[in-house]
Number of protein chains: 2
Amino acid sequence: MTESLAEPDRAASALPTCTPDSRIVAARFAALSHPARIEILKHLSASRSCCCREVVDHLDLAQSTVSQHLKILVEAGLVRFEPDRQRSRYEVDHAALADVSASLAALVDSCCSGG
Amino acid sequence: MTESLAEPDRAASALPTCTPDSRIVAARFAALSHPARIEILKHLSASRSCCCREVVDHLDLAQSTVSQHLKILVEAGLVRFEPDRQRSRYEVDHAALADVSASLAALVDSCCSGG
DNA sequence: ATCGTTCATCGTCTATCGCCGATGAACGAT
DNA sequence: ATCGTTCATCGGCGATAGACGATGAACGAT
């Protein structure tokens with residue numbers, strides 16, 4: 001029997017394809033894995049007014065595209081959203097961002113101490 | 001002519017859709033944006049032997065899939081690769097990982113100080 | 001009441017991701 | 001010489017990302 005070649009019911013396996021923790025960390029990094037979103041984060045923190053339009057003017061992307069990027073950042077918990085009349089108010093969640101940074105620092109630390 | 005609707009030569013615009021710096025940082029985060037790759041990084045640092053096969057055993061993914069993930073990590077500069085007979089030797093580049101962490105820390109810092 | 005502005009969402013299109021099995025090269029062991 | 005193991009790569013497939021234009025809702029101003 002070619003057990004080593006055939007899949008021994010991989011789905012039922014108890015091997016940790018990826019731990020829940022890894023999933024969460026990876027999801028946070030995914031939100032940061034696009035240059036436009038990095039740029040948006042920088043702009044949000046540097047600017048005082050944080051409506052979608054202003055980001056569009058600064059970034060040279062279609063309004064719909066920017067809106068989607070903002071949504072991704074909000075869903076990742078890195079940016080807070082507050083509807084304000086017809087403008088939308090976006091601002092960086094510094095604590096969440098610091099938390100992601102800490103996660104990465106912890107990973108680096110575990111990599112160094114583990115070796 | 002609906003000039004306001006048509007694109008006013010967006011490509012020729014000098015607006016920074018994304019700075020080179022943002023591109024680089026985003027590319028690094030992209031390599032970290034998958035749970036399997038996070039898991040691989042943790043395993044590489046915790047284990048002494050770092051051949052592809054061992055990661056495959058630990059991770060419950062097809063060998064070809066793991067090989068691709070490793071390649072992505074190597075191309076991102078986060079993992080060093082050294083062919084060793086028929087085994088491949090992979091090890092975490094701690095300095096590069098620390099560098100990414102520093103980049104994120106700098107982003108967090110700019111977000112805090114900028115406001 | 002009407003118009004202009006801002007914004008989120010929808011539908012579409014293309015490119016890329018992530019997974020797999022299959023294949024062949026490289027190498028050690030018999 | 002032959003076989004088993006390890007590995008990278010190829011080709012294919014389904015799902016997702018990322019971009020856009022169009023549309024309609026919400027709101028301020030006239």
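So you know, we letter chains A, B, ... as the sequences are listed, proteins then strands, and number each from 1. What you see is a predicted model, and the numbers here were worked out from it, not measured in a lab.
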> Closest approach of A:Ser22 and B:Ile38, non-hydrogen atoms and distance?
Replying inline: OG-CG2, 3.7 Å
> For A:Ala31 and A:Ala76, which heavy atoms make the closest approach, and how far apart are they?
Replying inline: CB-CB, 3.5 Å
> Which whole-number value in Å describes the distance from A:Asp84 CG to D:dG28 C1'?
Replying inline: 13 Å
> Under a 4.0 Å heavy-atom cut-off, which of residues 66-76 of chain A touch DNA chain D?
Replying inline: A:Gln68, A:His69
> Would one find a side-chain N or O of A:Ser64 under 4.0 angstrom from OP1 or OP2 of C:dC7?
Replying inline: no
>> What's the closest nucleotide to the side chain of A:Thr65 if the choices are C:dA8, D:dA19, D:dC7?
In response: D:dA19
>> At 4.0 Å (heavy atoms only), tell me whether A:Arg37 reaches a base, stays on the sugar-phosphate, or touches nothing.
In response: sugar-phosphate
> If only side-chain N and O atoms of B:His34 are considered, is one of them under 4.0 Å from the OP1 or OP2 phosphate oxygen of C:dC19?
Replying inline: yes
>> Looking at every heavy atom in both B:Ser47 and B:Glu54, which two are closest together, and how far apart are they?
In response: OG-OE1, 3.2 Å
> Among B:Arg87, B:Arg89, B:Gln86, whose side chain to side chain contact (heavy atoms under 4.5 Å, CB included) with B:Cys51 holds?
Replying inline: B:Arg87
>> Is the phosphate of C:dC27 approached by B:Arg85 (side-chain N or O, under 4.0 Å from OP1 or OP2)?
In response: no
>> Nearest to the A:Arg87 side chain among C:dC20, C:dC27, C:dT6, which nucleotide is it?
In response: C:dT6
> What are the two closest non-hydrogen atoms of A:Leu41 and A:Leu32, and how far apart are they?
Replying inline: CD1-CD2, 3.5 Å
> B:Val25 and A:Ile72: same hydrophobic cluster, using ILVMFWY side-chain contacts below 4.5 Å?
Replying inline: no
>> Please find the pair of heavy atoms, one from A:Val92 and one from A:Ser45, that lie closest to each other, and give the distance.
In response: CG2-N, 4.0 Å
> Tell me: CG of A:Leu59 to P of D:dC20, nearest whole Å?
Replying inline: 10 Å
>> I want to verify a distance call: between C:dC19, D:dA8, C:dG28, whose nearest atom is closest to the B:Phe81 side chain?
In response: D:dA8
> B:Leu61 CG to C:dC20 C1': how many Å, rounded?
Replying inline: 10 Å
> Separation of A:Glu82 atom CD from C:dC7 atom C1', in whole Å?
Replying inline: 16 Å
>> Rounded to whole Å, please give me the gap between CD in A:Gln63 and P in D:dA22.
In response: 13 Å
> What's the CZ-P distance between B:Arg89 and C:dA26, to the nearest Å?
Replying inline: 21 Å
> Would a distance-only check, ignoring hydrogens and angles, find a side-chain to backbone donor-acceptor pair under 3.5 Å from B:Ser103 to B:Asp99?
Replying inline: yes
>> What's the closest nucleotide to the side chain of A:Gln86 if the choices are C:dC7, D:dC27, D:dC7?
In response: D:dC27
> According to the Watson-Crick and G-U wobble definition with distances under 3.5 Å, which dot-bracket string, read 5' to 3', encodes DNA chain C, using [ ] for crossing pairs and | for pairs with another strand?
Replying inline: ||||||||||||||||||||||||||||||
>> Using whole Å, what does the distance between atom C1' of nucleotide D:dC7 and atom CG of B:Asp57 come to?
In response: 14 Å
